[in-house]
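This report refers to the structure that appears directly beneath it.
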Amino acid sequence: MLTLLSALTTADDPTVTVATTYIDVHTGPGKGYPIFHIVEKDEAITLEKRRTDWIKITTRRGKTGWIHADSLANTFDGNGQAPDIRAPSREDYGERRWELGFAGGDFDGADSLGLNLGFRFTEHLTADLRLGQNTGQFSDSRIASVGLMHQPFPDWWVSPYFRLGTGQIRIQPSATLVEAEDREDNLFQTSLGAYVYLTRRFFLRLEMTQHQILTSRDTNEEVNEWQLGFNVYF
């Protein structure tokens, strides 16, 4: 066993040995993924990468899966010690694929609230879906849009980005103040913003968006929106 451990620890990825009865291996990085394999006591596993609280591993039989980071307390390395696994940090940002965010701000004098869900498919590009609710004195509005965000410097603590989006806005005038029908219009969005790393997997997000609303009138409308919010990646 010591000879095997010595050979494995010379590889690029660290190797540990299971010290408890067994460790469950999931098909993906989350408890919602099914358990498809069990690593038994005294079996060596290779640690490949970390995604939030989950570690991707490969067994000596070549099976690849995910174990929870807490499971490493029940393993030991080549020195007979439990491996020291750090908490997720800014360096793990490049490994994240999904992000969820909430934000609030000002939509041309109205109070705005927003929810966004994004999927990062390359180091610099993220596709997202956004829903917004704006509450004003004379009218309320809802916005649904999809967009593509470019982040040129994803590793910076303050990371700027540029986003283009398109969607639809539904405007509902206040019945007690204005006699007008609800209307739906298409829109284009141009956004400039920045992520500010806070701690673990949390980011502060500051953004300015210009909405180009394509109305049925002779002229279109331009509305500027400022938002401040928080995003979590997973």
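Everything quoted here is computed from the prediction, not taken from an experiment.
Put simply, the side chain of Phe102 does not reach to within 4.5 Å of the side chain of Arg205, judged on heavy atoms. At a threshold of 4.5 Å between non-hydrogen side-chain atoms, the residues Asp24 and His68 do not count as touching. Side-chain contact between Thr64 and Thr58 is present, with at least one heavy-atom pair separated by less than 4.5 Å. The closest side-chain heavy-atom distance from Arg142 to Gln172 is below 4.5 Å. Looking at heavy atoms from C-beta onward, Leu117 lies out of side-chain contact with Leu131 at the 4.5 angstrom threshold.
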Residue pair Asn231, Asn116: steps toward the side-chain contact (heavy atoms from CB on, under 4.5 Å) verdict: CA-CA 9 Å; Asn231 275 39; Asn116 69 281; 3.5 Å; yes
Derivation and outcome, side-chain contact (heavy atoms from CB on, under 4.5 Å), residues Leu72 and Ile23: CA-CA 9 Å; Leu72 294 180; Ile23 293 177; over 6 Å; no
Derivation and outcome, side-chain contact (heavy atoms from CB on, under 4.5 Å), residues Glu123 and Asp155: CA-CA 10 Å; Glu123 182 181 4; Asp155 296 329; 4.3 Å; yes
side-chain contact (heavy atoms from CB on, under 4.5 Å) between Thr190 and Phe162, worked out: CA-CA 8 Å; Thr190 305; Phe162 174 75; 3.6 Å; yes
Evaluation steps, salt bridge (charged side-chain N to carboxylate O under 4.0 Å, His left out), between Arg130 and Glu225: CA-CA 14 Å; Arg130 296 192 177 189; Glu225 179 181 21; over 6 Å; no
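Trp54 and Ile57 fall into different hydrophobic clusters, where Ile, Leu, Val, Met, Phe, Trp and Tyr residues are linked whenever their side-chain heavy atoms come under 4.5 Å apart, directly or through other members. The hydrophobic cluster containing Leu129 does not contain Met149, counting ILVMFWY residues as joined when their side-chain heavy atoms lie under 4.5 angstrom apart, directly or transitively. In the hydrophobic cluster analysis, where Ile, Leu, Val, Met, Phe, Trp and Tyr join through side-chain heavy atoms closer than 4.5 angstrom, Val158 is grouped together with Leu204. Connection of Leu148 to Phe119 is established within a shared hydrophobic cluster, with ILVMFWY side chains joined at heavy-atom distances below 4.5 Å, either directly or through further cluster members.
Taking a 6.0 Å sphere around CD of Glu40, one finds it holds 12 or fewer heavy atoms contributed by other residues, nucleotides or ligands. Within 6.0 Å of CZ on Phe230 lie no more than 12 heavy atoms contributed by other residues, nucleotides or ligands.
Atom CG of Leu115 is separated from atom CG of Leu100 by 6.0 Å, given to the nearest 0.5 angstrom. Here the OH-CZ distance, from Tyr233 to Phe202, works out to 9.5 Å after rounding to the nearest 0.5 Å. Distance CD/Glu48 to CH2/Trp66: 8.5 Å, rounded to 0.5 Å. Expressed to the nearest 0.5 Å, how far NZ of Lys63 lies from CD1 of Ile45 amounts to 14.5 Å. Annotation: the span from Ile169 atom CD1 to Leu214 atom CG amounts to 11.0 Å, rounded to 0.5 Å. Here OG1 of Thr215 is found 9.0 Å from CD1 of Ile171. Values are rounded to the nearest 0.5 Å.
In plain terms, the two heavy atoms of Leu113 and Gly104 that are nearest each other are CD2-CA, 4.2 Å. Across every non-hydrogen atom of Arg60 and Asp42, the tightest pair is NH1-O, 4.4 Å. The two atoms that bring Asp108 and Asp106 nearest to each other are N-OD2, 3.4 Å, heavy atoms only. When all heavy atoms are compared, the tightest approach of Ser139 to Pro173 is CB-CA, 3.7 Å. Residues Phe203 and Leu198 share a closest heavy-atom pair of C-CD1, 4.0 Å. What you find for Pro160 and Pro152 is that their closest heavy atoms are O-CD, 3.4 Å.
With respect to Arg163, the side chain to side chain donor-acceptor pair (under 3.5 Å) criterion is satisfied by exactly one of Glu207, Gln151, Gln189: Gln189.
Judged by distance alone, the side chains of Thr126 and Glu99 never bring a donor and an acceptor atom under 3.5 Å apart. Counting only N and O atoms by type, the side chains of Asp111 and Thr135 include no donor and acceptor under 3.5 Å apart.
Using a 30° and 60° split on the angle between ring planes, His150 and His124 fall in the tilted class, from 30° to 60°.
Under the 3.5 Å distance criterion, the side-chain polar atoms of Asp128 are matched with a main-chain donor or acceptor of Gly147. Of the possible polar contacts, one joining the Ser159 side chain to the Phe153 backbone as a donor-acceptor pair under 3.5 Å is found. Side-chain atoms of Thr166 come within 3.5 Å of backbone atoms of Leu187 as a donor-acceptor pair (strictly under, hydrogens ignored). Ser112 contributes a side-chain N or O that, together with a main-chain N or O of Gly105, makes up a donor-acceptor pair within less than 3.5 Å. Of the possible donor and acceptor atoms, none in the side chain of His211 sits under 3.5 Å from a partner among the backbone N and O of Ile213.
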Quiz: residues 26-36 side-chain donor-acceptor pairs under 3.5 angstrom, not counting sequence neighbours:
residue	atom	partner	partner atom	Å
His26	ND1	Tyr33	O	2.8

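Ring pair Tyr195/Tyr161: centre-to-centre distance below 6.0 Å.
Legend: residues meeting side-chain hydrogen bond (donor to acceptor under 3.5 Å, both in side chains) with Ser191, ordered by chain and number and at least two apart, are Thr209.
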